[in-house]
Amino acid sequence: MFETITNPDAAARVLDEIAPLYEQVFAEPPYFEGPRDLAGFLEGYEAFRTMPGFRLVLARSGASLVGFAFGVLLQSGSHWWDGLGLDEDFTRDDGHRTFVIRELAVAPGQRRQGLGRQLHTAVLGGPRVERVTLAVRPEAEAAMKMYEALGYRELGDKTPAWEGAPVYRYMVR
């Protein structure tokens with residue numbers, strides 16, 4: 001069962017469900033995330049849930065949260081494309097052109113059953129955009145394969161500005 005949330009207050013109310021799943025999924029290889037990473041996720045989520053075009057999709061099995069995905073519309077002046085060596089026409093955004101999938105997570109026992117693809121489709125069910133982008137760790141082979149199968153192409157790799165950040169592969173479709 002899927003639930004879609006676009007209201008910032010409703011999104012705040014489900015954070016207590018999302019955070020433990022995020023922590024479980026990203027503590028595993030190849031991520032090996034810990035408390036500092038979870039704190040960064042929580043801080044980012046608080047900002048994202050109030051941004052234009054925010055869309056959260058929750059996947060449940062009975063009462064249990066087994067997956068989630070969320071994203072936002074990329075705003076003018078964003079630094080998303082910085083450092084990828086792309087031309088100005090490509091990187092121009094106006095708050096309607098590009099949707100960014102910020103997170104997609106599936107519980108370990110629910111993987112390889114199509115739930116990631118279903119979450120991907122559901123989170124894109126919002127505003128019509130010209131393109132969709134995301135950033136994924138290149139060593140996350142299963143995620144990379146899924147995104148490639150969904151039609152994403154690689155734009156380049158970059159490391160975010162926070163201390164100890166890993167390399168991310170930026171993709172678009």
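Please read all numbers here as calculations on a predicted model, not as lab measurements.
Interatomic distance, CD of Glu148 versus CD of Glu154, reported as 5.5 Å (0.5 Å rounding). Atom CG of residue Leu104 and atom NE2 of residue His120 lie 7.5 Å apart, to the nearest 0.5 angstrom. For the atom pair OG1 (Thr98) and CH2 (Trp81), the distance works out to 5.0 Å, reported to the nearest 0.5 Å. How far CZ of Phe26 is from CD of Glu28: 9.5 Å, rounded to the nearest 0.5 Å. Of the inter-residue distances, the one linking Gln75 atom CD with His96 atom NE2 reads 7.5 Å to the nearest 0.5 angstrom. Note that CZ of Arg153 is 9.5 Å distant from OG1 of Thr133, once rounded to the nearest 0.5 Å.
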Practice problem: Quick one: do Tyr152 and Val132 satisfy side chain to side chain contact (heavy atoms under 4.5 Å, CB included)? Show the steps, please. | Solution: CA-CA 9 Å; Tyr152 285 85; Val132 181; 3.1 Å; yes
Exercise. Take Phe32 and Asp37 through the side chain to side chain contact (heavy atoms under 4.5 Å, CB included) test and state the conclusion after the steps.
Key: CA-CA 9 Å; Phe32 301 107; Asp37 301 291; over 6 Å; no
Practice problem: Output, in order, the C-alpha distance, side-chain angles, deciding distance and verdict of side chain to side chain contact (heavy atoms under 4.5 Å, CB included) for Arg55 and Phe70. | Solution: CA-CA 5 Å; Arg55 186 173 175 85; Phe70 70 84; over 6 Å; no
Practice problem: Given side chain to side chain contact (heavy atoms under 4.5 Å, CB included), test Leu124 with Val129 step by step and report yes or no. | Solution: CA-CA 9 Å; Leu124 296 182; Val129 293; over 6 Å; no
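Hydrophobic clustering keeps Val14 apart from Val66 (ILVMFWY residues linked when any side-chain heavy atoms are closer than 4.5 Å, directly or through intermediates). Cluster membership for Val100 and Tyr170, using ILVMFWY side-chain heavy atoms within less than 4.5 angstrom, is shared. Met171 and Leu150 fall within a single hydrophobic cluster, where Ile, Leu, Val, Met, Phe, Trp and Tyr side chains are chained together by heavy-atom contacts under 4.5 Å. Under the 4.5 Å side-chain heavy-atom criterion for grouping Ile, Leu, Val, Met, Phe, Trp and Tyr, Phe54 is not connected to Ile101 through any hydrophobic cluster. Phe2 and Leu65 fall into different hydrophobic clusters, where Ile, Leu, Val, Met, Phe, Trp and Tyr side chains are chained together by heavy-atom contacts under 4.5 Å.
With Phe68 as the partner, the side-chain contact (heavy atoms from CB on, under 4.5 Å) test is satisfied by one option alone out of Val123, Val57, Leu21: Leu21.
Inter-residue side-chain proximity for Leu73 and Met51 is flagged as unmet; no heavy-atom pair is nearer than 4.5 Å. You'll find the side chain of Arg169 stays beyond 4.5 Å of the side chain of Val167, heavy atoms only. In this structure, Glu103 and Tyr45 have side chains that are not in contact, with every pair of non-hydrogen atoms separated by 4.5 Å or more. Arg60 is listed as a side-chain neighbour of Glu3, based on a closest heavy-atom distance under 4.5 Å. Residues Leu74 and Arg97 have side chains not in contact (no heavy-atom distance under 4.5 Å, counting atoms from C-beta outward). Counting heavy atoms from C-beta on, the side chains of Tyr168 and Pro160 come closer than 4.5 Å. In this structure, the side chains of Arg49 and Leu56 stay at 4.5 Å or more apart for every pair of heavy atoms. Proximity of Leu15 to Tyr22: side-chain heavy atoms (C-beta onward) are nowhere separated by under 4.5 Å.
A distance-only check finds no donor-acceptor pair linking the side chain of Arg102 to the backbone of Phe48 [under 3.5 Å]. Using modelled atom types, no side-chain atom of Arg137 and backbone atom of Pro166 make a donor-acceptor pair closer than 3.5 Å.
Here the shortest heavy-atom pairing between Ile5 and Ala10 reads CG2-CB, 3.7 Å. Across Thr159 and Ala165, no two heavy atoms sit closer than the pair CG2-O, 3.2 Å. Contact detail for Phe99 and Gly53: the closest heavy-atom pair is CE1-O, 3.6 Å. Considering every non-hydrogen atom in both Trp80 and Leu134, the closest pair reads CZ2-C, 3.7 Å. When all heavy atoms of Gln113 and Gly109 are compared, the closest pair comes out as NE2-O, 3.3 Å. Shortest non-hydrogen contact noted between Ala19 and Leu42 is CB-CD2, 3.8 Å.
Residue Glu88 qualifies as open at atom CD: its count of foreign heavy atoms under 6.0 Å is 12 or below.
By the 6.0 Å and 45° rule, Arg131 stacks over the aromatic ring of Phe90.
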